[in-house]
Amino acid sequence: MKVAVLGATGQTGQYLVNQALQQGHTVTAIVRNPGKLTIHHDNLKVVEADIFSAESLKTHFKGQDVIMSCLGFPVSIFSAVTGYTLSMKVMITAMREAQVNRIITMTSWYTEPNSGTQSSYLIRFLLLPLIRSVLTNMHQMEQFLQETGDINWTVVRPPGLKNLPASAQEFLTHEGYFVPDNSGYPVGSTVGRGDVARFMLSLLNNNAWVKKGVAIITK
């Protein structure tokens, strides 16, 4: 397939680009700083664009089969995080203009404000408040996607990310804001970035999670 990747220079994005190329896809990496992407491949095209400009993205979206986004925006203590919603609104506009209707993006466990109530004490009272500004904006982006009737979107929600390559482990999935074990409590709390990329790419041949958000973890 022809795949456009945003956030290609990020840690998860680099795994995604590498695996997509290994699987035989043609990848357009849309980046702010081309020098930061060290991957070279005949089927890889690296282009510079502004993720907050539909005009800038539209050119590179034309002819693509799917848009994949691993964009991340830093936690902000004193002001609201807005990058997720702003960039997604621009991406959707550019997709409509370029006539592409499939997007796969990633957020996180616990984006919905009340979904962390069953998490461990440390996560609930220490980690989640620290990253709440990011989770809030991720949730706003998810809600925005739910209102786009014409776009086949999927939101992949991993828990804590480790900088590890893809494994061969099976995925546990749940249509919700975390993956529960049999008692309803969340299972383990980290996943390798390479596995997140592997799951996102598995959706290219699979319509199971179209117009849905899916929490994932490896077994």
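Please read all numbers here as calculations on a predicted model, not as lab measurements. No hydrogens, no waters, no symmetry mates; every other heavy atom, side chains included, goes into these values.
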* For the pair Arg102 and Asp65, find out whether any cationic side-chain nitrogen is under 4.0 Å from an anionic carboxylate oxygen. =>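 Looking at Arg102 and Asp65, the cut-off is not met.
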* Can we say Arg157 and Glu142 salt-bridge, meaning some charged N sits less than 4.0 Å from an Asp/Glu carboxylate O? ->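 Yes, charged N to carboxylate O under 4.0 Å.
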* Residues in ring-ring contact (aromatic ring centres under 6.0 Å, His included) contact with Tyr15, at least two apart in sequence or another chain ->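 Tyr15 satisfies ring-ring contact (aromatic ring centres under 6.0 Å, His included) with no other residue.
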Assess the side chains of [X] and [Y]: does a donor N or O sit below 3.5 Å from an acceptor N or O?
{"X": "Ser76", "Y": "Ser79", "result": "yes"}
{"X": "Arg32", "Y": "Thr9", "result": "no"}
{"X": "Thr26", "Y": "Asn43", "result": "no"}

* Asked: Relative to each other, are the rings of Phe178 and Tyr110 parallel, tilted or perpendicular (30° and 60° limits)?
  ->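 Tilted: the ring planes of Phe178 and Tyr110 meet at 30° to 60°.
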* Atom pair CE (Met95) and NZ (Lys58), whose distance is rounded to the nearest 0.5 Å ->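 Answer rounded to 0.5 Å: 15.0 Å.
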* Asked: For the atom pair CE (Met141) and OG1 (Thr136), what is the distance rounded to the nearest 0.5 Å?
  ->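 Rounded to the nearest 0.5 Å, the CE-OG1 separation comes out at 13.0 Å.
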* **ring pair (Phe, Tyr, Trp, His ring centres under 6.0 Å) contacts touching residues 194-219 (sequence neighbours left out)** =>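 Non-adjacent pairs meeting ring pair (Phe, Tyr, Trp, His ring centres under 6.0 Å): Phe171-Phe199.
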* To do: Using a 4.5 Å cut-off on heavy atoms from C-beta on, say whether the side chain of Leu172 contacts that of Thr218.
  =>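 Thr218 does not reach Leu172 side chain to side chain.
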* Asked: Within the side chain of Ser167, is there an N or O that forms a donor-acceptor pair under 3.5 Å with the backbone of Gln169?
  ->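 Checked: pair present.
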* Asked: Is it true that a side-chain atom of Ser115 and a backbone atom of Glu112 form a donor plus acceptor pair closer than 3.5 Å?
  ->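 Yes; at least one donor-acceptor contact below 3.5 Å.
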